[in-house]
Amino acid sequence: RWLASQGAGAQAERIAAEVLAVLEDPAHAALFGSQALAEAPVAGLVQGQAIAGIVDRLLVEQDRVLVVDFKTGLKVPAGPADVALAHRRQMAAYAAVLAQAFPGRRVEAALLYTAAPKFLLLADKDMAGLLPLD
């Protein structure tokens, strides 16, 4: 009903199905649990350059920090190497800020494509050299 009231029209059922597929997938449960933050602000200086943004999900655990951004487009990459450069650059910036904020913890960055749904964890090599200051 909410989607219809927002003018989603014929797309309402498809959008609702995508959202439910993401929320109901046990592989994503931690991202929607009580430990995860939604729409978390991230800001800091990396090598003197200001980086700021809002991440869709931030999961801070004892030994790891996981930052996840949702992508809603219909084009879903086959793997991390196929992720758009702008998206890899965005996640590299977030990971760099979070590494400073949580020293000693492993920082992981991922993209969750809602159309599939498909979760793509980006390795350090996928983001290497992509900071705007590199």
Trainee: Quick one: closest heavy-atom pair of Ala30 and Leu59, and the distance?
Mentor: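 What the structure gives for the nearest pair is CB-CD2, 3.8 Å.
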
Trainee: Just to verify, what does Arg106 make a salt bridge (Lys or Arg N to Asp or Glu O under 4.0 Å) with, not counting sequence neighbours?
Mentor: Glu108

Trainee: Go through the steps to decide whether Asp56 and Glu39 satisfy the test side-chain contact (heavy atoms from CB on, under 4.5 Å), and finish with yes or no.
Mentor: CA-CA 5 Å; Asp56 290 322; Glu39 299 292 322; 3.4 Å; yes

Trainee: Show your reasoning for whether side-chain contact (heavy atoms from CB on, under 4.5 Å) applies to Phe119 and Val68.
Mentor: CA-CA 9 Å; Phe119 184 86; Val68 178; 4.1 Å; yes

Trainee: Against Phe102, only a single residue in Asp63, Val97, Val65 fulfils side-chain contact (heavy atoms from CB on, under 4.5 Å); can you say which?
Mentor: Val65

Trainee: Which heavy atom of Arg88 sits nearest a heavy atom of Val83, and at what distance?
Mentor: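 Nearest heavy atoms, Arg88 then Val83: NE-O, 3.2 Å.
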
Trainee: Can you give me the closest heavy-atom contact between Leu122 and Pro80, atom names plus distance?
Mentor: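 So the minimum-distance heavy-atom pair works out to CD2-CB, 3.9 Å.
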
Trainee: For Val55, is there any backbone N or O sitting under 3.5 Å from a side-chain donor or acceptor partner on Asp69?
Mentor: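 No, the answer is negative, given that no donor and acceptor are paired below the 3.5 Å cut-off.
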
Trainee: May I have the step-by-step check of side-chain contact (heavy atoms from CB on, under 4.5 Å) for Leu98 and Leu58, ending in yes or no?
Mentor: CA-CA 10 Å; Leu98 291 167; Leu58 184 63; 3.8 Å; yes

Trainee: With the side chain counted from C-beta on, respond yes when Leu131 and Gln49 share a heavy-atom pair under 4.5 Å apart, and no when they do not.
Mentor: no

Trainee: When you group the ILVMFWY residues by side-chain heavy-atom contacts below 4.5 Å and let the links chain together, are Phe70 and Ile54 in the same group?
Mentor: no

Trainee: Once you round to the nearest 0.5 Å, how far does CD1 of Ile51 lie from CD of Gln90?
Mentor: 11.0 Å

Trainee: Counting only heavy atoms not in Glu13, do more than 12 sit closer than 6.0 Å to its CD atom?
Mentor: no

Trainee: Are there more than 12 heavy atoms of other residues, nucleotides or ligands under 6.0 Å from atom CD of Glu61?
Mentor: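 Yes, enclosed.
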
Trainee: Check whether any side-chain heavy atom of Leu85 sits under 4.5 Å from a side-chain heavy atom of Leu130, and report yes or no.
Mentor: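 Heavy-atom side-chain distance check passes, below 4.5 Å.
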
Trainee: Search all heavy atoms of His87 against all heavy atoms of Leu111 and return the closest pair with its distance.
Mentor: CB-CD1, 4.0 Å

Trainee: Grab the two heavy atoms, one from Leu66 and one from Leu121, that are nearest each other, plus how far apart they are.
Mentor: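 That would be CD1-CD1, 4.3 Å.
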
Trainee: Any side-chain to backbone donor/acceptor pair from Lys118 onto Ala78? Under 3.5 Å, distance only.
Mentor: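 Checking the backbone N and O of Ala78 against the side chain of Lys118, a donor-acceptor pair under 3.5 Å is found.
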
Trainee: For residues Leu31 and Arg57, report the shortest heavy-atom separation together with the two atoms involved.
Mentor: O-CD, 3.1 Å

